[in-house]
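In what follows, every heavy atom counts, from backbone to side chain, and hydrogens, waters and symmetry copies are set aside. Every chain is numbered from 1 and lettered A, B, ... according to where its sequence line falls, protein lines coming before strand lines.
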Protein chains: 2
Amino acid sequence: MTRRLMSARMVAAAIVSLAAAAPAMAQPFAKPEDAIKYRKAAFTVLARHFGVVAAMANNRLPYDAKAAAENADIANVVARLPYAGFVPGSERGGDTKADPKIWSEMPKFNAAAQKMQDEMGKLAAAAKSGNMDQLKSAVGATGAACKACHDDYRMQ
Amino acid sequence: MTRRLMSARMVAAAIVSLAAAAPAMAQPFAKPEDAIKYRKAAFTVLARHFGVVAAMANNRLPYDAKAAAENADIANVVARLPYAGFVPGSERGGDTKADPKIWSEMPKFNAAAQKMQDEMGKLAAAAKSGNMDQLKSAVGATGAACKACHDDYRMQ
């Protein structure tokens, strides 16, 4: 076993614990601007990897089964990240399109986030299946979950 | 086994294959600006998670073993991402501090990236060990690898 593979196995074990365990104590952001920058960055990375899978499902990129699976896996990990940036007090203080009502209806917002994360998990499974119908369906459901939350909570 | 844990195991298996296998075919960015935005976003997410671990190692945040391990694991995954954004033609076309010499000395740049990724892998192991001396040492080595590449390739 190479050191590189060893390291990959360690990462894998860590991701199991990341997703299966209760979240650890939240770490503060130094200022609202930092929280805003972080959550936007995480969404940018997420959009890229989901976007590659969606483009393959919709014939805008050549289908490559391995690349589709890799990008869906990365999206599935990154989908867990942005929400740590929606801390109290970060309704303003930086360049954000987040609707301030997020902070007054956080349970509903969190449910919408969870829905997207659940669909992203199914997308990763579909991408691994290599079944194009299943992939197209999962891309549609995941995209719908993204859009629902954008419609409700992202200001134009 | 809950569906949530099942999903986490699938993610874990995926991360093994992500890190152990040769990279899949690269997917194009629509325009240089998109590649620049992506790589900067990935570095922003990386800096946040490494920063939390570093702050704990340096007593700027209370030490929480579980949070340190989680943040180091996320950093170890995200450390693999930004380099896909250094595509040919993205020396300019957006707001970037990337030194154009990156594209004329890509093997040296890639080696610096690999060094950081290797140190980030060791950091994840150190964070899991719960040994504060080991964690401090790994934070120092990882931070040095970040700084070396910034000194060489990030313009002021």
Side-chain angles (χ1 to χ4, degrees), chain A residues 2-21 23-29 34 37-38 40-45 47-49 51-52 55-56 61-62 64-74 76-78 80-82 84-85 118 121-122 124-125 128, chain B residues 2-21 23-29 34 37-38 40-45 47-49 51-52 55-56 61-62 64-74 76-78 80-82 84-85 118 121-122 124-125 128:
Chain A
T2 64
R3 196 173 67 79
R4 184 166 175 82
L5 184 54
M6 283 280 289
S7 169
R9 284 182 189 276
M10 283 163 34
V11 174
I15 297 288
V16 169
S17 71
L18 274 179
M25 190 179 68
Q27 286 81 49
F29 288 89
D34 295 343
K37 186 179 174 188
Y38 171 79
K40 288 171 67 176
F43 281 126
T44 293
V45 175
R48 161 71 180 166
H49 293 284
V52 166
M56 288 185 184
L61 268 184
D64 175 313
K66 184 166 177 284
E70 282 185 12
N71 279 281
D73 282 334
I74 294 168
N76 193 21
V77 171
V78 176
R80 302 159 194 270
L81 302 183
D118 288 349
K122 293 181 206 167
K128 261 185 282 295
Chain B
T2 65
R3 198 173 64 81
R4 184 168 176 81
L5 184 54
M6 283 281 288
S7 169
R9 282 180 192 277
M10 282 162 35
V11 174
I15 296 288
V16 169
S17 70
L18 274 178
M25 191 179 65
Q27 286 80 48
F29 287 90
D34 294 344
K37 186 179 175 190
Y38 170 79
K40 287 171 68 177
F43 281 126
T44 293
V45 175
R48 161 68 181 168
H49 293 283
V52 166
M56 288 185 183
L61 269 184
D64 175 315
K66 183 167 176 287
E70 281 186 11
N71 279 280
D73 282 332
I74 295 168
N76 193 21
V77 171
V78 176
R80 303 161 195 269
L81 302 183
D118 288 348
K122 293 181 206 166
K128 262 185 280 296

If you round to the nearest 0.5 Å, how far is CD of A/Gln27 from CG of B/Asn71?
5.0 Å
Would A/Arg48 and B/Leu81 satisfy side-chain contact (heavy atoms from CB on, under 4.5 Å), going step by step from the backbone distance to the final call?
CA-CA 11 Å; A/Arg48 161 71 180 166; B/Leu81 302 183; over 6 Å; no
Contact part of A/Val52 toward chain B, heavy-atom cut-off under 4.5 Å: side chain, backbone, both or neither?
side chain
Chain B heavy atoms under 4.5 Å from A/Pro82: which part of the residue, side chain, backbone, both or neither?
neither
For the student: nearest non-hydrogen atoms of B/Tyr38 and A/Thr44, plus distance
CA-CG2, 4.2 Å
Between A/Phe29 and chain B, which part of the residue has a heavy atom less than 4.5 Å away: side chain, backbone, both or neither?
both
